[in-house]
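Below, all heavy atoms of this structure are taken into account, side chains as well, without hydrogens, waters or symmetry copies. Note on naming: letters A, B, ... go to the chains in the order of the sequence lines (proteins, then strands), and numbering restarts at 1 for each one.
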Protein chains: 2
Amino acid sequence: MAIRKDGQNSFSRTTLADVARESGFSPSTISIVLNEAPISRYVAAKTKEHIREVAKRLDYRPDAFGRSLRKRRSHTIGVMIFDISDPFCTLILQGIEKSLHSTEFLPFIVDAHNQREQFERYLAMLLEYRVEGLIVVANWLFIDIETLSELERHRVPTVLVGSEMRSGPLGSVLVNNEQGGYLALQHLHSLGHRKIAFIRGPRQLWDSSRRWDGVLRFAAEVGLKMPKKWVVELTGSSESNSSFDEGRSLTSTMLQNDAGFTALLAFDDLTAFGAVRALRDFGRSVPEDCSVLGFDDVPHAALFNPSLSTVRQPMERMGSIAVGRILNEIQQGGEVAPGKGRVDLLPPELVQRESTGAIHPTSKILARKIGKI
Amino acid sequence: MAIRKDGQNSFSRTTLADVARESGFSPSTISIVLNEAPISRYVAAKTKEHIREVAKRLDYRPDAFGRSLRKRRSHTIGVMIFDISDPFCTLILQGIEKSLHSTEFLPFIVDAHNQREQFERYLAMLLEYRVEGLIVVANWLFIDIETLSELERHRVPTVLVGSEMRSGPLGSVLVNNEQGGYLALQHLHSLGHRKIAFIRGPRQLWDSSRRWDGVLRFAAEVGLKMPKKWVVELTGSSESNSSFDEGRSLTSTMLQNDAGFTALLAFDDLTAFGAVRALRDFGRSVPEDCSVLGFDDVPHAALFNPSLSTVRQPMERMGSIAVGRILNEIQQGGEVAPGKGRVDLLPPELVQRESTGAIHPTSKILARKIGKI
DNA sequence: CTTTCTTATTGAATCGTTTGAAAGATCATG
DNA sequence: CATGATCTTTCAAACGATTCAATAAGAAAG
């Protein structure tokens with residue numbers, strides 16, 4: 001379309017050579033000035049000014065490919081998300097982005113949609129783009145040892161966020177699930193609940209057993225009985241709202257078997273939403289007739305009706321810690337970093353909202369009975 | 001660390017030259033074979049096989065920078081998200097990713113965090129990475145004409161998703177807001193509601209007036225009265241959950257002034273969640289005492305308690321249509337594409353769930369009065 | 001007047017890949 | 001046996017930037 005006065009077709013963008021020609025200096029000088037390289041100290045102030053002016057006028061933008069090729073650096077960090085529609089991932093992602101913002105790195109985000117095939121395809125692409133570090137945000141861990149050892153081979157500093165590998169050399173950053181489970185049950189217990197139903201996480205998920213360990217630890221400490229009829233387990237399909245649906249149907253089933261529990265501890269917030277729905281369908285209101293406690297503290301937990309009490313994972317912080325560790329490893333220059341394979345366990349935090357409340361055995365049940373008479 | 005048998009430090013990855021040396025053929029041949037270029041037809045089958053074997057053995061991966069530099073193509077589409085934590089954006093993003101998956105393009109996703117400064121910084125970076133197309137997912141439009149004309153200058157095919165520019169040459173893909181507004185009010189009206197409160201979108205947002213136009217059109221058709229006391233407006237802060245908070249407080253205020261409305265039409269789902277909360281705090285239950293209708297159909301709308309009736313935007317489809325248009329423009333090769341500046345308006349769909357219901361003036365109000373006596 | 005130092009700028013090689021042109025074979029055709 | 005035609009492979013020049021080593025001019029020092 002438009003032809004510039006130098007006769008060049010404007011579709012080919014302005015290059016360093018263009019600026020050189022236009023300003024009368026060599027490409028070397030232009031590069032040195034625009035990058036404020038150390039030797040630019042010796043470039044005459046007038047020259048600098050002139051070059052900058054010309055560069056601006058021609059709207060010069062250095063080409064990332066030429067630059068990265070020469071410098072052998074991409075200035076990007078790969079971020080592999082397992083499922084970007086999971087609000088859990090979203091917040092971690094925000095933490096990552098915010099921390100990366102003040103650095104020279106650009107996040108290269110891809111979403112595996114919970115599919116291994118995509119995971120591998122995107123991984124290959126990230127490697128072709130020579131990402132200097134890799135953050136894997138795994139809400140729901142389907143990758144196994146094999147895939148992981150593959151990650152290891154690439155000699156790209158890698159950190160796993162939100163999930164832990166049982167073994168292996170990969171570092172990870174996640175919440176202390178054991179402690180979270182402990183806190184959760186402690187909360188319900190402290191409100192007076194003794195008949196508690198549980199929806200455990202899926203068996204395949206390593207984190208879910210850690211969480212359950214915490215629950216068991218507290219139960220043992222106070223001698224709480226946990227009848228089998230009130231302990232159920234998610235299957236762990238990777239579909240989007242499956243934990244809501246499963247939470248709902250599992251709760252429904254439990255209610256039909258023996259509705260005598262006064263509190264329910266769900267594996268995560270979505271499961272808890274499902275449980276609340278089932279309870280309501282059954283005619284029981286939350287928290288008056290049954291308390292419900294979630295896990296994660298996704299953004300909508302506070303907006304829910306009733307707002308959901310939950311155990312918060314410090315998701316943004318997890319993201320920024322992951323970035324910190326990656327940056328560290330990069331600076332080590334590929335040497336065996338000191339903290340490699342380390343696991344950062346962050347403390348969870350109990351957030352009490354409306355969905356849990358103290359049990360009022362006398363007053364409430366009495367009031368009911370009277371009402372019925 | 002590990003030293004390969006060819007004596008090279010394994011930190012420098014295998015390059016085309018490595019494969020050439022190892023296989024005994026020239027780099028040209030390697031490139032031709034691995035890319036299955038047209039001339040590879042003439043390469044002996046045995047050679048091909050051998051080269052492929054060696055490439056695999058050395059775990060050769062073509063360097064994206066070298067390649068893109070030479071081919072002058074990046075094979076990436078920039079995706080600028082205004083706020084990735086907004087579930088509205090998330091779904092559009094999924095649509096984009098899914099459509100891009102079957103193509104040769106990789107999405108390069110960045111999140112502007114609703115800040116103009118970030119928007120511009122990331123835009124510059126995307127341009128340095130020579131994205132071949134740009135999709136801007138704008139849930140909440142803060143960019144003005146100036147920034148937009150800047151977009152135009154770069155000669156990168158660009159499509160705006162989820163928002164419309166009042167003017168300007170940029171194409172966009174979005175829901176038919178006018179029709180959505182019409183459908184929304186029609187729904188409430190058909191349920192028998194005549195006293196309806198409205199929470200309009202922020203004034204700065206062009207889309208929100210389109211939506212309001214639709215509301216007014218229906219109101220005019222049926223002669224509905226819309227007293228000023230029941231029409232309020234969001235201010236449009238760009239903070240994360242602000243529309244929930246605003247929805248809540250605005251509803252609260254209306255309830256205190258005159259609680260006589262039997263239905264409420266919210267600008268979007270989050271606002272609706274806030275309204276439900278305010279109504280409940282005021283002692284009114286949804287939908288029995290007041291119906292609430294949202295807009296968007298974010299993923300959590302179905303999980304909410306009560307599940308939210310809303311006007312759905314086909315977000316995934318919006319994403320994939322945007323991709324289709326970008327791909328088209330790219331194929332046109334930078335020529336003035338035929339559909340440039342075109343606006344695709346997609347039909348909204350009313351989703352009835354639990355938060356809206358028919359009005360029962362006699363039965364219900366009567367029942368109350370009797371109860372009180 | 002030569003030597004050394006500082007200031008100011010540039011030449012040329014390089015990163016890893018692709019690709020049009022060309023070169024060497026092999027083989028049939030007139 | 002020259003002349004193409006058909007295979008098979010390679011040469012060498014890009015792409016756009018960075019950077020080391022080199023050049024050149026002037027000033028200061030001996």
Side-chain angles (χ1 to χ4, degrees), chain A residues 8-9 11-51 54-55 58-75 104 127-130 132, chain B residues 8-9 11-52 54-55 58-75 104 125 127-130 132:
Chain A
Q8 279 225 322
N9 184 329
F11 285 151
S12 69
R13 38 194 286 170
T14 46
T15 157
L16 201 58
D18 294 335
V19 184
R21 211 177 309 119
E22 182 81 8
S23 69
F25 289 92
S26 77
S28 319
T29 310
I30 314 293
S31 171
I32 287 160
V33 168
L34 293 182
N35 290 310
E36 302 183 38
I39 18 170
S40 72
R41 194 160 55 85
Y42 296 128
V43 177
K46 209 169 54 181
T47 309
K48 283 188 190 170
E49 200 185 340
H50 180 215
I51 287 177
V54 173
L58 298 189
D59 193 28
Y60 168 68
R61 298 168 190 281
D63 179 298
F65 294 108
R67 161 182 290 175
S68 289
L69 181 57
R70 170 65 226 237
K71 304 223 301 189
R72 266 166 299 184
R73 293 201 50 187
S74 67
H75 288 281
E104 49 182 350
L127 291 172
E128 287 184 5
Y129 275 88
R130 283 181 180 256
E132 297 184 41
Chain B
Q8 277 225 324
N9 185 329
F11 285 152
S12 69
R13 39 192 285 170
T14 46
T15 155
L16 202 57
D18 295 334
V19 183
R21 212 178 308 118
E22 182 82 7
S23 69
F25 289 91
S26 77
S28 318
T29 310
I30 315 293
S31 170
I32 287 162
V33 169
L34 294 182
N35 290 311
E36 302 183 38
I39 20 169
S40 73
R41 192 160 57 84
Y42 295 126
V43 177
K46 210 169 54 180
T47 310
K48 283 187 190 170
E49 202 186 338
H50 181 217
I51 287 178
R52 291 219 181 86
V54 173
L58 298 189
D59 193 30
Y60 168 69
R61 299 166 189 282
D63 180 300
F65 293 107
R67 162 181 289 176
S68 289
L69 181 57
R70 170 64 225 236
K71 303 223 300 189
R72 267 164 300 184
R73 293 200 50 186
S74 67
H75 288 278
E104 49 182 351
M125 285 178 142
L127 291 172
E128 288 184 4
Y129 276 88
R130 283 179 179 257
E132 297 184 41

S.K.: Treating primed atoms plus P, OP1 and OP2 as sugar-phosphate and everything else as base, which nucleotides of nucleotides 12-18 of chain C get B, S or - for protein heavy atoms under 4.0 Å?
M.R.: BBBBBBB
S.K.: Rounded to whole Å, please give me the gap between CD1 in B:I39 and C1' in D:dT8.
M.R.: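 Value for this atom pair: 10 Å.
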S.K.: When you check the phosphate oxygens OP1 and OP2 of D:dA17, does a side-chain N or O of A:S68 lie under 4.0 Å from one of them?
M.R.: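 For D:dA17, OP1/OP2 do not have a side-chain N/O of A:S68 under 4.0 Å.
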S.K.: Is a donor on one side and an acceptor on the other found under 3.5 Å between the side chain of B:N35 and the backbone of B:A37?
M.R.: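 Pair absent, no side-chain N/O of B:N35 close to backbone of B:A37.
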S.K.: Going by heavy atoms in the side chains, are A:R61 and A:D59 under 4.5 Å from each other?
M.R.: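 Side chain of A:R61 against side chain of A:D59, heavy atoms only: contact under 4.5 Å found.
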S.K.: Mind telling me whether B:F25 and B:H50 have parallel, tilted or perpendicular rings, with 30° and 60° as the class edges?
M.R.: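 The rings of B:H50 and B:F25 stand perpendicular, inter-plane angle above 60°.
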S.K.: Which value, rounded to the nearest 0.5 Å, describes the distance between A:I30 atom CD1 and A:Y60 atom OH?
M.R.: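 Nearest 0.5 Å value for the CD1-OH distance: 9.0 Å.
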S.K.: Measure OH/A:Y42 against P/D:dC20 and give the value in whole Å, please.
M.R.: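 Going from OH in A:Y42 over to P in D:dC20 covers 14 Å.
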S.K.: Parallel, tilted or perpendicular: which fits the ring planes of B:Y129 and B:F65, with parallel below 30° and perpendicular above 60°?
M.R.: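 Rings of B:Y129 and B:F65: tilted, 30 to 60°.
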S.K.: Measure from NE2 on A:H50 to C1' on C:dA8 and round the result to the nearest Å.
M.R.: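 Between C1' of C:dA8 and NE2 of A:H50: 16 Å.
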S.K.: With 3.5 Å as the limit, what N/O pairs link the protein to nucleotides 22-26 of chain D?
M.R.:
none

S.K.: Does D:dT10 have OP1 or OP2 under 4.0 Å away from a side-chain N or O of B:T29?
M.R.: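 Checking B:T29 against D:dT10: at least one side-chain N or O falls below 4.0 Å of OP1 or OP2.
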S.K.: Measure from CD1 on B:I51 to C1' on D:dT10 and round the result to the nearest Å.
M.R.: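 About 12 Å, once rounded to whole Å.
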S.K.: Rounded to whole Å, please give me the gap between CD in A:E36 and P in D:dT18.
M.R.: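 Rounding to the nearest Å, CD of A:E36 and P of D:dT18 are 13 Å apart.
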S.K.: Is a side-chain donor or acceptor of B:K48 paired with a backbone partner of B:R41 at a separation under 3.5 angstrom?
M.R.: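 No, B:K48 side chain to B:R41 backbone: no donor-acceptor pair under 3.5 Å.
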S.K.: Classify the side-chain pair B:S31/B:S28 by whether it contains a donor and acceptor separated by less than 3.5 Å.
M.R.: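 Absent: no donor and acceptor within the cut-off.
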S.K.: What is the separation between atom CZ on B:R21 and atom C1' on D:dT10, rounded to the nearest whole Å?
M.R.: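 Going from B:R21 (CZ) to D:dT10 (C1'), I get 17 Å.
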S.K.: Could you check whether any side-chain N or O of A:E132 sits under 3.5 Å from a backbone N or O of A:S74, counting only pairs where one atom can act as donor and the other as acceptor?
M.R.: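 Side chain of A:E132 to backbone of A:S74: a pair is present.
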S.K.: Could you tell me whether the side chain of B:S68 and the main chain of B:R73 form a donor-acceptor pair under 3.5 Å?
M.R.: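 Present.
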S.K.: Roughly, in whole Å, what's the span from CD1 in B:I30 to P in D:dT8?
M.R.: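 The answer, rounded to whole Å, is 16 Å.
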